[in-house]
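In what follows, a structure is listed as structure tokens, so that the remarks can point back to it.
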Amino acid sequence: MAIVNVTALESNKNFKISFDGGNLSSDGGLLLMKEFINKFGIPALLKESFHTTDRSFIRKHKDADNLLQIIYQILGAYFADDTADALKNDPVFTSVLEKDTLASQPTLSRFYNRLDEKTITQLDEINRVILERAYSVKKPEQIMLDIDTTLLDGYGKQEGVCFNYHYQAKGYHPFICFDSMTGDLIGTQLRDGSDYCCKNVCGFLEPILDEYLNKYPDTAMFLRGDSGFATDELYSLCETHGTSYAIRLKENGVLCKLVSEIESELDDLTTENIVDHAVVYGEFMYKAKSWDYPRRVVCKIEKPAGQMLHLYTFVVTNMDSSPENLIAFYCKRGNMENMIKECKNGFDFGAVSSSSMVVNANRLKIHMLAYNIYNLFRRLVLPVMMRKDRIDTIRLNLFKTAVRIVYKARYLYFKLCSSCPFKDAFYETLRNITRLTPLIE
């Protein structure tokens with residue numbers, strides 16, 4: 001007699017398929033994230049610090065619960081809002097959120113529509129507190145701020161979406177500032193797509209510099225930026241806030257004329273060999289018309305192998321190191337491009353799908369929180385061999401672990417996949433979380 005709802009495969013009739021295996025989930029590794037998130041007191045922090053302007057007196061799904069659910073969905077790579085419906089009764093998600101059912105897509109949509117300028121400030125404060133708690137565990141010896149902008153694609157007639165000439169596309173043009181020593185995302189700010197790179201950059205950076213100057217006065221501060229941030233206002237801000245900077249200058253005729261003597265050294269080097277690569281370094285004092293006083297500029301003049309033309313790199317700085325070391329120091333900011341790519345591909349920073357710009361700004365802040373929570377998890381508790389892995393690798397190796405949930409009278413048993421090849425890494429991560437002692441006020 002045939003068993004109901006059992007299907008045989010044509011490739012092998014001995015293989016039978018049915019959906020009666022029990023209470024299963026593919027996201028067993030998110031239990032690690034629950035332990036980590038609770039260790040840092042994040043659920044309590046959200047309940048205390050995050051509130052929308054909600055006119056309803058009775059809600060089954062509170063604001064802080066909705067925010068935490070969205071963060072878990074991002075960590076699990078469930079980016080689309082409507083995946084909340086598919087996960088509504090998932091045993092791992094309901095367990096880590098300690099709820100009977102998850103908030104549905106319409107509930108999350110209403111939650112997003114309640115977000116405003118005040119919640120942006122709240123999310124920034126939550127991010128600041130989380131990083132402060134992480135520094136209580138392991139404070140970086142120096143802060144290396146790398147600032148840049150990127151394009152987040154826009155669609156239709158969204159508020160603030162404009163054509164950006166540099167990217168030759170329509171979208172938003174936000175600020176993004178990382179601490180490259182740790183990979184922490186210090187801040188973001190959504191802006192109109194047509195805004196130039198340095199527009200209001202001091203308004204964005206000054207609160208960050210003030211905070212680090214007041215809370216960590218003994219920690220060395222550095223800032224790097226490309227030529228889009230070459231503005232006297234930013235140089236002066238760094239100089240008044242004790243921050244060492246290296247910012248690229250765009251090549252122009254005046255700068256090229258000032259390095260003519262340095263370039264002659266390169267000509268001498270290539271007199272007898274015009275094929276191989278050659279490079280010279282130098283420095284000079286320079287004052288643009290918009291600057292209040294001259295500043296030090298270091299330069300690199302390079303002749304690539306097999307070419308006759310020279311390439312110029314100019315960097316304005318208030319640091320004392322040699323030109324060669326300063327150019328190398330500046331070029332390391334290129335790693336920030338990998339961090340931006342991680343944010344976009346691994347945490348869906350492009351999820352700015354609302355018609356309202358303020359809602360999209362809140363979305364960006366929420367995805368920033370998810371990124372930072374994972375980044376702290378990565379650098380503080382993952383096994384050493386896994387700490388350079390991207391989020392997609394960690395999801396595949398740890399988070400996406402099959403688990404069966406067994407309900408007993410007093411306990412929930414999470415029976416993870418017996419053949420999981422990363423069992424040891426799972427237990428090592430759990431032990432590392434147990435040893436953490438963040439300072440929670």
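Side chain of D85 to backbone of Q105: a donor-acceptor contact under 3.5 angstrom is found. One N or O on the side chain of T240 and one on the backbone of L237 form a donor-acceptor pair closer than 3.5 Å. Checking side-chain atoms of N38 against main-chain N and O of K34 turns up a donor-acceptor pair under 3.5 Å. Of the possible donor and acceptor atoms, none in the side chain of D90 sits under 3.5 Å from a partner among the backbone N and O of A86. With hydrogens and angles disregarded, no donor-acceptor distance shorter than 3.5 Å links the side chain of D192 to the backbone of D195. Between the side chain of K300 and the backbone N or O of Y312 there is no donor-acceptor pair closer than 3.5 Å. Side chain of R191 to backbone of H173: a donor-acceptor contact under 3.5 angstrom is found. With hydrogens and angles disregarded, no donor-acceptor distance shorter than 3.5 Å links the side chain of S136 to the backbone of A134. In this structure, E35 contributes its side chain and L430 its backbone to no donor-acceptor pair below 3.5 Å. Side chain of T119 to main chain of Q122: no donor-acceptor pair is present (N/O by atom type, distance under 3.5 Å, no hydrogens or angles).
At a threshold of 4.0 Å, the pair R295-E239 counts as salt-bridged, since one of the basic side-chain nitrogens sits closer than that to a carboxylate oxygen. The existence of a salt bridge linking D54 and K62 is excluded, since no basic side-chain nitrogen approaches an acidic carboxylate oxygen closer than 4.0 Å. A salt bridge links R379 with D184; the closest basic N to acidic carboxylate O contact falls under 4.0 Å. Salt bridge D146/R224: present, at least one basic N to carboxylate O contact under 4.0 Å. With respect to the salt-bridge test (charged N to carboxylate O, under 4.0 angstrom), the residues R395 and D392 qualify. Between E337 and K341 there is no salt bridge, since no side-chain N of the basic residue sits under 4.0 Å from a carboxylate O of the acidic one.
Heavy-atom neighbours of E233 CD from other residues, nucleotides or ligands within 6.0 Å: at or below the threshold of 12. In the displayed structure, Y293 atom OH is contacted under 6.0 Å by more than 12 heavy atoms of other residues, nucleotides or ligands. No more than 12 heavy atoms of other residues, nucleotides or ligands shown are found within 6.0 angstrom of OH on Y427. Other residues, nucleotides and ligands contribute only 12 or fewer heavy atoms inside 6.0 Å of the NZ atom of K138. A 6.0 Å sphere centred on CD of Q168 holds more than 12 heavy atoms belonging to other residues, nucleotides or ligands. When the shell of 6.0 Å around NZ of K400 is examined, it contains more than 12 heavy atoms from other residues, nucleotides or ligands.
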**Message:** Go through it in stages, so that I can follow the logic: the residues are R110 and N113, the test is side-chain hydrogen bond (donor to acceptor under 3.5 Å, both in side chains), and I'd like the CA-CA distance, side-chain angles, deciding distance and then a yes or no.
**Reply:** CA-CA 5 Å; R110 289 190 292 270; N113 289 332; over 6 Å; no
**Message:** As a quick check of understanding, evaluate side-chain contact (heavy atoms from CB on, under 4.5 Å) for I186 and L131, giving each step before the final call.
**Reply:** CA-CA 8 Å; I186 305 300; L131 292 181; 4.1 Å; yes
**Item:** Trace of the side-chain contact (heavy atoms from CB on, under 4.5 Å) decision for L145 with F178
**Value:** CA-CA 6 Å; L145 298 179; F178 287 94; over 6 Å; no
**Asked** Does the side-chain contact (heavy atoms from CB on, under 4.5 Å) test come out yes or no for R114 and T53, once each step is laid out?
**Response** CA-CA 6 Å; R114 294 197 298 272; T53 306; over 6 Å; no
**Item:** Evaluation steps, salt bridge (Lys or Arg N to Asp or Glu O under 4.0 Å), between D148 and R333
**Value:** CA-CA 10 Å; D148 206 347; R333 72 169 293 278; 3.2 Å; yes
**Prompt:** Under the side-chain contact (heavy atoms from CB on, under 4.5 Å) criterion, do K303 and L269 qualify, and how do the steps go?
**Reply:** CA-CA 10 Å; K303 188 198 79 64; L269 287 175; over 6 Å; no
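In this structure, a donor-acceptor pair under 3.5 Å is present between the side chains of R378 and N375. Side-chain N/O atoms of K344 and T150 include a donor and acceptor closer than 3.5 Å. At a cut-off of 3.5 Å, with distance as the only test, a side-chain donor of N325 or S322 sits close to an acceptor on the other residue. Residues T182 and D179 have side chains that bring a donor and an acceptor to within less than 3.5 angstrom of each other. A donor-acceptor pair shorter than 3.5 Å cannot be found between the side chains of D348 and H367. Checked by atom type, the side-chain pair E117/T121 shows no donor-acceptor distance below 3.5 Å. Donor-acceptor pairing under 3.5 Å is lacking for the side chains of D63 and N66. Side chain to side chain, R248 and S227 fail the donor-acceptor criterion of an N or O pair below 3.5 Å. Defined by atom type and a distance below 3.5 Å, a donor-acceptor pair is missing between the side-chain atoms of H61 and T107.
Here the CG-CG distance, from L205 to L234, works out to 6.0 Å after rounding to the nearest 0.5 Å. Here CG of L382 is found 8.5 Å from CG of L32. Values are rounded to the nearest 0.5 Å. Residue L380 holds its CG atom at 9.5 Å from CG of N432, rounded to the nearest 0.5 Å. Here the straight-line distance linking atom CE of M221 with atom CD1 of I208 works out to 8.5 Å at 0.5 Å rounding. Taken to the nearest 0.5 Å, the CD1 atom of I147 stands 11.5 Å off from the OG atom of S180. Annotation: the span from D226 atom CG to L249 atom CG amounts to 11.0 Å, rounded to 0.5 Å.
The two residues G28 and V403 come nearest to each other via the heavy atoms CA-CG1, 3.6 Å. The nearest pair of heavy atoms linking D100 to N89 is O-OD1, 4.4 Å. Among all heavy-atom pairs drawn from L151 and K170, the shortest one is CD2-O, 4.3 Å. Closest of all the heavy-atom pairs between H277 and P304 is CD2-CA, 4.1 Å. Nearest heavy-atom pair across E159 and Y172 is O-OH, 2.6 Å. Closest approach of F399 and L75 over heavy atoms only: CD1-O, 3.8 Å.
Seen from the ring of Y112, R363 counts as a face-on cation partner, given the 6.0 Å and 45° thresholds.
For Y78 and F93, the ring centers sit closer than 6.0 Å to each other. Here Y235 and Y245 bring their ring centres to under 6.0 angstrom of each other. Taking the centre of each ring, Y216 and Y212 come in below the 6.0 Å mark.
Side-chain contact between M386 and L398 is present, with at least one heavy-atom pair separated by less than 4.5 Å. Side-chain contact check for N372 versus I130: every heavy-atom pair is 4.5 Å or farther apart. A heavy-atom distance below 4.5 Å is not found between the side chains of I327 and Y330.
Ring pair F36/F377 is perpendicular by interplanar angle, where above 60° counts as perpendicular and below 30° as parallel. Note: F111 and F50 have tilted aromatic rings, judged against thresholds of 30 and 60 degrees for the angle between ring planes. By the 30° and 60° cut-offs, the orientation of the rings of F204 relative to F175 is parallel.
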